[in-house]
Amino acid sequence: MRYTKEDIIQKVEAEDIKFIRMQFTDIFGQLKNVAITASQLKKALNNQITIDGSSIEGFVRINESDQYLYPDLNSFVVFPWHPEHGKVARLICDVYNPDGTPFIGDPRGVLKRVLDQAESMGYDAFNVGPEAEFFLFQTDERGKPTTVTNDEAGYFDLGPLDHGESTRRQICLALEQMGYEIEASHHENARGQHEIDFKYTDALRAADNIMTFKLAVKTMAQINGLHATFMPKPIYGVAGSGMHTNMSLFRGGKNVFFDENGERKLSKEAYHFIAGILAHIKGITLITNPLVNSYKRLVPGYEAPCYMAWSASNRSALVRIPSARGQSTRVELRSPDPSCNPYLSLAVCLAAGLDGIRRELTPPPEITQDIYAMDARTRVRHKIASLPGSLEEAIREFRKDKLVMEALGDHVTTQYLAGKTAEWEEYRTRVSSWEREKYLVVY
């Protein structure tokens, strides 16, 4: 839907919308907002709503705190979960400096800058289809989340085994009311684990959609007395939650990854893009898998990709090429998890792929065997390396990758590294319940 300022003003009046949430995202992927009343709408549409950037982690210092929210008019939508009277709408915003220049630390702006690079190389669209997984847990008598699911279901099961089915259905209906096209929803592998897939779209809108999706899932779960989490690995011994990311580049309305006469019907650009992703994946991982907990998911045995390989048929590979061809040809990166900042994640993935195209990189040979079934010696023979195994290792690999850091810019790189280094240091020095159970009595 394309809106003008006048369209939005008329819609707010006609639908008796009382509040508008001016939303933006910090560098660590947390959704923020300033709520305004309808009386302030014209001011908001003229980019006159300010925020204190020094209060947002990773934004600016106290002596340069004033920043302005510039709403994306086409992001206007009414939240379907609020009452008929006193409706609430939202606008997704870019963050600007007082002098009218884009704020260099705004994650949405980071993605826009990399998209501009793609456009300068002749690509008019970078389309993305995310597959975000999440868990639904019960809450206790105080409303606090537990890890109890009351759910016996597995892949594609339905009620009565799938006790989250009704909540998942309500989430889908709410998203459709907001203009999403839902392609599929189903129960995932672990108890209480779910997936909802929405139709691919251009990368900026896809990142916006991921942030809205997470808000909708958490809100609808709360309404139903449940807790939804996008934590990558909330329960030991079961599969974690991923966010497989399907990507394709277009030029002149045509998918450049498809070549009717190419090997596997893939173009040279597709192979270069795959090679670029694999060349930079270690540096990218800090962005696509940003938490200490992310690396509890990236371990063998739970279908999460932890080895650097690609395949057109093998689901154990990090990069997979789904069978669809023509306009639907795409490269699927299977390592990202839903705790990532989608703007930064898509920005670094695109930057890596473009680097592969620019330098005409060649990917290693396709791996068609089950990598999970290989022993270490076999993986070495096939030259299959591993992803970083911890947040600490991911930080080290990130620091080595100049292209990834340049894609993010100095401000985001510096602030992101500072935050993640502090997170690792806090984890490293914290005494866990596992340690107490293991050592307290024995020693």
Side-chain angles (χ1 to χ4, degrees), residues 23-32 51-70 72 92-99 101-118 126 128 203-204 206-208 210-211 214 243 245 276-277 280-292 294 336-355 388 391-392 394-425:
Q23 294 182 341
F24 59 100
T25 303
D26 73 12
I27 67 169
F28 299 109
Q30 296 300 307
L31 189 63
K32 307 289 185 181
I51 61 168
D52 176 5
S54 66
S55 299
I56 309 299
E57 191 173 8
F59 268 32
V60 294
R61 295 166 296 190
I62 192 72
N63 63 329
E64 51 188 11
S65 58
D66 282 344
Q67 293 178 305
Y68 287 78
L69 298 181
Y70 283 39
D72 181 337
I92 294 173
C93 303
D94 295 304
V95 182
Y96 274 67
N97 299 313
D99 63 3
T101 57
F103 170 47
I104 200 72
D106 177 19
R108 207 167 185 262
V110 170
L111 178 54
K112 283 184 172 183
R113 289 195 294 275
V114 182
L115 289 170
D116 287 342
Q117 291 178 28
F126 174 52
V128 175
L204 187 64
D208 288 344
I210 291 166
M211 295 305 299
K214 292 204 264 191
M243 189 176 73
T245 303
I277 292 285
H280 293 284
I281 190 62
K282 287 188 176 182
I284 285 171
T285 299
L286 182 64
I287 305 299
T288 56
N289 306 86
L291 308 182
V292 165
S294 296
D337 69 54
S339 69
C340 73
N341 182 325
Y343 301 102
L344 300 185
S345 179
L346 297 184
V348 295
C349 287
L350 176 58
L354 292 177
D355 184 57
L391 186 64
E392 180 185 36
I395 291 170
R396 286 202 303 269
E397 294 295 340
F398 178 87
R399 290 180 185 274
K400 296 176 188 176
D401 199 314
K402 291 183 179 179
L403 179 108
V404 174
M405 292 190 287
E406 286 173 3
L408 297 176
D410 289 342
H411 181 98
V412 171
T413 293
T414 301
Q415 297 297 327
Y416 197 90
L417 271 175
K420 290 301 156 185
T421 301
E423 184 176 338
W424 174 255
E425 197 59 24

side-chain contact (heavy atoms from CB on, under 4.5 Å) assessment of Arg108 paired with Asp72: CA-CA 11 Å; Arg108 207 167 185 262; Asp72 181 337; 2.8 Å; yes

From CA spacing to verdict: side-chain contact (heavy atoms from CB on, under 4.5 Å), Lys282, Asp401: CA-CA 8 Å; Lys282 287 188 176 182; Asp401 199 314; over 6 Å; no

From CA spacing to verdict: side-chain contact (heavy atoms from CB on, under 4.5 Å), Ile210, Met243: CA-CA 10 Å; Ile210 291 166; Met243 189 176 73; 4.0 Å; yes

Derivation and outcome, side-chain contact (heavy atoms from CB on, under 4.5 Å), residues Glu397 and Leu286: CA-CA 8 Å; Glu397 294 295 340; Leu286 182 64; over 6 Å; no

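Considering only heavy atoms from C-beta on, Asp337 stays 4.5 Å or farther from Thr288 through its side chain. Taking 4.5 Å as the limit, some side-chain heavy atom of Arg399 sits within range of a side-chain heavy atom of Leu417. Side-chain contact between Ile92 and Met211 is absent, with no heavy atoms from C-beta onward closer than 4.5 Å. Val412 is not listed as a side-chain neighbour of Pro107, based on a closest heavy-atom distance of 4.5 Å or more. Gln67 is not listed as a side-chain neighbour of Asp106, based on a closest heavy-atom distance of 4.5 Å or more. Contact of the Val110 side chain with the Tyr343 side chain is not registered, since no non-hydrogen atoms from C-beta on lie closer than 4.5 Å. For the pair Lys32/Leu69, no side-chain contact is recorded, criterion being any heavy-atom separation below 4.5 Å from C-beta on.
Ring geometry, Tyr70 versus Tyr96: the interplanar angle falls under 30°, so the pair is classed parallel (tilted spans 30 to 60°).
The line from CG of Leu204 to CG of Asp94 is 7.5 Å long, rounded to the nearest 0.5 Å. Between atom NZ of residue Lys214 and atom CD of residue Gln30 there is a gap of 7.5 Å, rounded to the nearest 0.5 Å. Residue His280 holds its NE2 atom at 3.5 Å from CG of Asp355, rounded to the nearest 0.5 Å. Asn341 contributes atom CG, which lies 6.5 Å from atom OG1 of Thr25 (distance to the nearest 0.5 angstrom). With rounding to the nearest 0.5 Å, the separation of OH in Tyr68 from CG in Asp99 is 10.5 Å. With rounding to the nearest 0.5 Å, the separation of CG in Leu408 from OH in Tyr416 is 8.5 Å.
Looking at Thr414, its side chain does come within 3.5 Å of a backbone N or O of Asp410 through a donor-acceptor pair. The backbone N or O of Phe28 sits less than 3.5 Å from a side-chain atom of Asp26, completing a donor-acceptor pair. Listed for the Ser294 side chain is a donor-acceptor partner under 3.5 Å among the backbone atoms of Leu291. At least one donor-acceptor pair closer than 3.5 Å links the side chain of Lys420 to the backbone N or O of Pro290.
Contact between Trp424 and Val292 at its shortest, heavy atoms only, is CE3-CG2, 4.2 Å. The nearest pair of heavy atoms linking Ile27 to Gly105 is CG2-O, 3.4 Å. The two residues Ala207 and Leu111 come nearest to each other via the heavy atoms CB-CD2, 4.1 Å.
Residue Leu346 forms a side chain to side chain contact (heavy atoms under 4.5 Å, CB included) with just one option from Leu115, Ile287, Thr245, Val114, and that option is Thr245.
Thr285 and Asn289 share no side-chain donor-acceptor pair at under 3.5 Å.
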